[in-house]
Peer 1: 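Quick one: the structure is below, questions incoming.
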Amino acid sequence: MTYLQDTLARLQQTSPAQTEFYQAVEEVLESLEPLLEKKPHYLKHSIIERMVEPERQIMFRVCWVDDKGEVQVNKGYRVEFSSTLGPYKGGLRFHPSVNASIIKFLGFEQVFKNALTGLLLGGGKGGSNFNPKGKSDSEIMRFCQAFMSELYRHIGPTTDVPAGDIGVGSREVGYLFGQYKKIKNSYDGVITGKSVANGGSLLRNEATGYGCAYFANYMLEAQNSGLEGKTCLVSGAGNVALHTIDKLYELGAIPVSCSDSSGTLYHADGIDVDQIRKIKSDGNASLKDYLSTHSKAKYVARDDNPKNGNAVWHYKGDLAFPCATQNELTEVDARALVEAGCVAVVEGANMPCTRKAVNTIVKAERLFAPGKAANAGGVATSQLEMAQHAGMQSWSEEKVDSKLQDIMHGIYTRSHQAAEEFGQPGNLLLGANIAGFRRVADAMIEQGVV
Ligand code: NDP
Ligand code: 2IT
């Protein structure tokens with residue numbers, strides 16, 4: 001596999017200190033081995049060299065004035081990774097940890113995720129190291145306006161269409177859209193995740209979590225099983241986690257945990273998701289406050305996590321849904337899950353499992369649904385939003401939900417069939433990476449060297 005070592009060595013030289021990006025590249029390239037053995041022409045076209053290099057990377061300064069009248073300066077990013085299959089598409093993340101490596105890994109993953117949906121979507125990602133926590137509503141608005149005052153010149157409904165991610169929900173998308181419209185004097189479908197009042201799609205907000213639960217169910221159904229009655233460990237307490245929990249309940253499962261950056265909550269009777277929403281909507285409350293209404297629940301503060309691990313994965317569960325952030329499920333956690341009899345890990349977040357954790361899960365022959373397959377319901381529904389906006393239409397919830405289910409089923413089928421084709425039935429990691437790569441690579445070859 002010299003192409004893998006060569007690629008990583010070159011990236012370390014040309015894009016130094018981007019560890020998350022190398023991790024994402026390594027995972028994809030490792031899966032491609034059986035495909036490249038059978039179809040070496042991909043190497044001849046230098047497809048890998050081209051795919052690991054974003055088509056365009058934009059970094060900019062974002063200056064804004066806080067409520068005290070002081071000038072604040074943040075970094076802004078938009079990595080336009082691939083326009084092979086459609087406009088660059090992917091979310092914006094506002095979190096203090098954001099840096100070039102994180103945005104690049106997310107953009108790289110997005111290319112294959114979007115390809116897997118079967119839709120006409122390129123891949124990109126952006127964001128800022130701005131920390132929305134503790135900011136007033138007007139500070140959030142001023143920041144979003146300042147961010148869009150630069151970003152607007154790089155995006156457009158057929159060029160690049162951002163959306164939300166960590167720290168960017170429909171409020172932020174609303175402010176970003178408003179500023180874009182003001183500058184461009186045009187009501188474009190230039191960003192997705194908008195509220196319905198602003199031309200958004202019903203169910204876009206719920207779509208990632210719903211899609212993730214649908215995917216898990218398809219995966220279990222293929223084993224003549226299903227979510228009904230299954231205990232589910234879920235991490236995170238944001239958009240993806242809470243909508244995953246909602247849909248798990250609807251499909252008859254029992255989600256027993258959630259978490260945030262401060263700690264983990266476990267409730268064997270099933271998480272009371274309305275109470276979690278109440279807590280998370282109060283800026284000063286903590287998940288620990290749940291114990292005041294549910295005395296049988298348990299809370300573990302972040303500082304009391306197991307060594308090199310995360311408490312949420314050390315409870316007993318049939319399935320695990322990491323839905324918070326990258327590398328939140330480690331090798332120690334994966335071993336604990338396997339030992340406790342967990343049958344499947346379904347990635348709601350992007351790259352939430354470390355490389356060693358993934359290897360542990362796959363080696364133990366547990367089902368593993370990679371994020372680029374399991375969490376693609378969000379971006380897929382973004383594309384449904386783009387279609388509605390372009391046609392100045394608004395579809396019913398039933399119509400969007402039925403399309404979402406079809407798309408998630410298609411992603412499952414493509415991943416499953418590619419795994420079978422390359423002699424590793426059930427290995428959805430391999431299947432998803434090969435199916436996503438092949439669609440982009442074939443189109444790149446047809447488009448010539450551009
Ligand atoms: P939210 O901002 O709504 O929620 C993020 C959650 O993760 C919060 O509970 C947050 O805790 C927790 N979290 C964030 N960063 C950390 C960290 N460094 N350590 C521990 N916990 C952390 O984001 P989303 O739910 O939208 O995103 C969650 C994941 O899903 C991300 O990986 C994102 O890329 C991915 N994703 C999102 C999609 C979408 O449509 N929104 C689509 C596909 C994937 P706290 O509140 O304490 O910060
Ligand atoms: O990681 C992701 O797929 C997202 N944050 C959603 C991207 C989108 O364009 O809807």
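Counting convention: from 1, in listed order, for ligands and their atoms alike. Keep in mind it's a predicted model, so treat the numbers as computed, not measured.
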Peer 1: Might you check, step by step, whether the distance between atom 10 (C) of ligand 1 and some protein heavy atom is under 4.0 Å?
Peer 2: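 No, there is none.
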Peer 1: What do you reckon, does R204 put a non-hydrogen atom under 4.0 Å from ligand 2?
Peer 2: yes
Peer 1: Going by the atom numbers of ligand 1, which of them fall below 4.0 Å from some non-hydrogen atom of C323?
Peer 2: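 Answer, ordered by atom number: 28 (C), 29 (C).
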Peer 1: Need the ligand 1 atom indices (1-based, order shown) with element for anything under 4.0 Å from a heavy-atom of G348.
Peer 2: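 Within the 4.0 Å cut-off of G348, ligand 1 contributes 30 (O), 44 (C).
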Peer 1: Is there a heavy atom of R93 sitting under 4.0 angstrom from any atom of ligand 2?
Peer 2: no
Peer 1: Scan H95, Q110, R93 and name whichever one has a side chain to side chain donor-acceptor pair (under 3.5 Å) with D165.
Peer 2: R93
Peer 1: Check each heavy atom of K133 against ligand 1 and say whether those closer than 4.0 Å belong to the side chain, the backbone, both or neither.
Peer 2: side chain
Peer 1: With a sphere of 6.0 Å drawn around NZ of K75, does it hold more than 12 non-hydrogen atoms of other residues, nucleotides or ligands?
Peer 2: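 Open: at most 12 neighbouring heavy atoms sit under 6.0 Å from NZ of K75.
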Peer 1: Think K247 forms a cation-pi with Y210, using NZ or CZ under 6.0 Å from the six-ring centre and within 45 degrees of its axis?
Peer 2: yes
Peer 1: Tell me the contacting part of T208 for ligand 2: side chain, backbone, both, or neither, using a 4.0 Å heavy-atom threshold, strictly below.
Peer 2: neither
Peer 1: For the aromatic rings, using the six-membered ring if either is Trp, is the centroid distance between W64 and F147 under 6.0 Å?
Peer 2: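 Judged by ring-centre distance (under 6.0 Å), W64 and F147 do not meet the cut-off.
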Peer 1: Just to be sure I'm reading this right: ignoring hydrogens, which of S261, G377, P322 gets closest to atom 47 (O) of ligand 1? Compare them by their nearest heavy atoms.
Peer 2: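 It is S261 that holds the nearest heavy atom.
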Peer 1: Among the heavy atoms of G164, does any lie under 4.0 Å from an atom of ligand 2?
Peer 2: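 Yes, G164 has heavy atoms under 4.0 Å from ligand 2.
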Peer 1: Side chain, backbone, both or neither: which part of R204 comes within less than 4.0 Å of ligand 1 when only heavy atoms are counted?
Peer 2: side chain
Peer 1: Of the listed options (S235, G238, G167), which comes nearest to atom 2 (O) of ligand 1 when hydrogens are ignored and any heavy atom counts?
Peer 2: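 Among S235, G238, G167, the closest heavy atom to atom 2 (O) of ligand 1 belongs to G167.
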Peer 1: Looking at Y187, is K181 sitting on its ring face, NZ or CZ under 6.0 Å from the six-membered ring centre and within 45 degrees of the normal?
Peer 2: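 Pair K181/Y187 does not count as cation-pi.
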Peer 1: With a heavy-atom distance limit of 4.0 Å, tell me whether E328 approaches ligand 1 through its side chain, its backbone, both, or neither.
Peer 2: neither
Peer 1: Regarding atom 35 (C) of ligand 1: of the candidates V379, T192, T325, N350, which has the closest heavy atom?
Peer 2: N350
Peer 1: Just checking, K135 and F130: is the charged tip under 6.0 Å from the six-membered ring centre and within 45° of the axis?
Peer 2: yes
Peer 1: Is a salt bridge present between E385 and R204, judged by a nitrogen-to-oxygen distance below 4.0 Å?
Peer 2: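 The answer is no: the pair does not qualify as a salt bridge.
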Peer 1: Nearest non-hydrogen contact with atom 30 (O) of ligand 1 belongs to which option: I102, N131, L287, V240?
Peer 2: V240
Peer 1: Given A349, A324, G236, which has its nearest heavy atom closest to atom 28 (C) of ligand 1?
Peer 2: A324
Peer 1: Report the part of T208 (side chain from C-beta onward, or backbone N, CA, C, O) that has a heavy atom under 4.0 Å from ligand 1; answer both or neither where that applies.
Peer 2: side chain
